[in-house]
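Notes follow once the structure below has been shown.
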Number of protein chains: 2
Amino acid sequence: MPITADADIEITGYNWVPPFAEGFVRDLRARWFCEEAGLPYRERLISAVKKPPGWRSEQPFGQVPVLRDGNIHLFESGAILIHLAEKNGKLLPAGGQARADVLSWLLAAYNSVEPVQNELANIEMFNADEDWAKLRRPVALDNLDRRHRSLDHALKDREWFAGEFSIADIAMVSVLRSSVAMGTLTEHPTLAAYVDRGTERPAFQQALADQLAGFDPSHAPGMEHA
Amino acid sequence: MPITADADIEITGYNWVPPFAEGFVRDLRARWFCEEAGLPYRERLISAVKKPPGWRSEQPFGQVPVLRDGNIHLFESGAILIHLAEKNGKLLPAGGQARADVLSWLLAAYNSVEPVQNELANIEMFNADEDWAKLRRPVALDNLDRRHRSLDHALKDREWFAGEFSIADIAMVSVLRSSVAMGTLTEHPTLAAYVDRGTERPAFQQALADQLAGFDPSHAPGMEHA
């Protein structure tokens, strides 16, 4: 538990990723929710290199995660978090300002923080030696730092972004882990401590361990028939 | 109606923006919902140049829109759309696969399409003459085109992305309007026709007209004391 072979909930992830992506594939966000809620789920691990036939009918952009919950099918980890929270009555209040806060911060993670971070991550991880990347890097770094400062200011001395721990924190901590990995939170101790609070939760640790356990080097490109 | 001085709902927008941003500020998405639902709202138009004191306590990134609905406060247009839809029982089914589809496509617009589009928009609108932008532009263009192809494939011959017209379409049409404006949908007639279907709706037209009517050149930088 929660990984359970005959569970109603199925989370699709990858059976192998390159080392830089280990622990950062977004099925981790869905797994984390299930661990927090004690919700059994089964894994479906597909090849990141050669997707199953017709995969885009399940995930229009050819990515993961996809969630199946009985007959219900969702893609986009943000939508999956909302669905799981509503169905299980956990980590997303049913109404009022408490729900408004969680929805606002959930969307902030997905639309105001992660896209700005992605520009820098794309430079650092895939294009560091490119001329354009060297020229653009200072601005991309500054743009992300301004987002971090805004988050610092908003979080202040609170433990979580929207009252109790919520799906907004699953999203925001998951996003900000990449800021930590890029070394961009060293001057933001408040935010860095927030990420630590999130990742120290046993539910996160279990979800991360289970994602990592699913990566099998025999599925690496060139190894599949070795 | 729906703009009504004593309405419970208040949408914050700007009282002036530079010409390139006219009709693209994201309070349009909230206005559009209100028009579709016949929901009265009042406007609060603030300066885009000099934000009100303490604005970041209302919008952590210093942007618009912000929604007030009686005592409830939200930021992030995606969260505002979910809130308005849930409160009014419109454009977001209450459960089942229909709700899952709307949530999946709503998040797709905000996390899988708009961020990819933003990279190209940032190049085209603000950095076209920069060396890094010229080097990066072909890849940014191709990345966005791949998203457009995925959307084309997913939409096929359907009218809207998730069954009936929904908040997912308010988001996706709003995002794809910028693709049209950048000339990147000329080879995607299916998607271009989808954007036309959305923007031809009387509710969109009214919302757009009302946003544009709120822009006052006397609030342009350097004109405020003219």
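- Of the residues considered (Gly95(A), Ser112(A), Ser57(A), Pro115(A)), Ser112(A) shows the highest number of contacts with chain B, using heavy-atom pairs under 4.5 Å.
- Formation of a donor-acceptor pair under 3.5 Å by the Ser104(B) side chain with backbone atoms of Leu74(A) is not found in this model.
- Listed here is the closest heavy atom pair of Asn71(A) and Gln97(B): O-OE1, 3.6 Å.
- Of the two parts of Arg137(A), neither the backbone nor the side chain holds a non-hydrogen atom closer than 4.5 Å to a non-hydrogen atom of chain B.
- Contact of Arg146(B) with chain A is not made at all, since no heavy-atom distance falls under 4.5 Å.
- Between Glu76(B) and Asn111(A) the shortest side-chain heavy-atom distance falls below 4.5 Å.
- Interatomic distance, Arg56(B) CZ to Arg149(A) CZ, rounded to the nearest 0.5 Å: 8.5 Å.
- The number of heavy-atom neighbours closer than 6.0 Å to CD of Glu22(A), taken from other residues, nucleotides and ligands shown, is above 12.
- Across all their heavy atoms, Trp105(A) and Phe75(B) have their closest contact at CE2-CZ, 3.5 Å.
- Between Phe61(A) and Val113(B), the closest side-chain pair of non-hydrogen atoms falls below 4.5 Å.
- For the set Glu119(A), His83(A), Arg147(A), Glu114(A), the count of heavy-atom pairs under 4.5 angstrom toward chain B peaks at Arg147(A).
- A pairwise comparison of heavy atoms in Leu107(B) and Ala79(A) identifies CG-N, 3.5 Å as the closest pair.
- Here the CD1-CZ distance, from Ile123(A) to Arg136(B), works out to 8.0 Å after rounding to the nearest 0.5 Å.
- For Glu130(A), no part lies under 4.5 angstrom from a heavy atom of chain B.
- Among the candidates His73(B), Lys134(B), His153(B), the residue making the largest number of heavy-atom pairs closer than 4.5 Å to chain A is His73(B).
- In this structure the side chain of Asn127(B) never reaches within 4.5 angstrom of the side chain of Val139(A), judged on heavy atoms.
- Looking at Ala154(A), the atoms closer than 4.5 Å to chain B (heavy atoms on both sides) all sit in the side chain, from C-beta outward.
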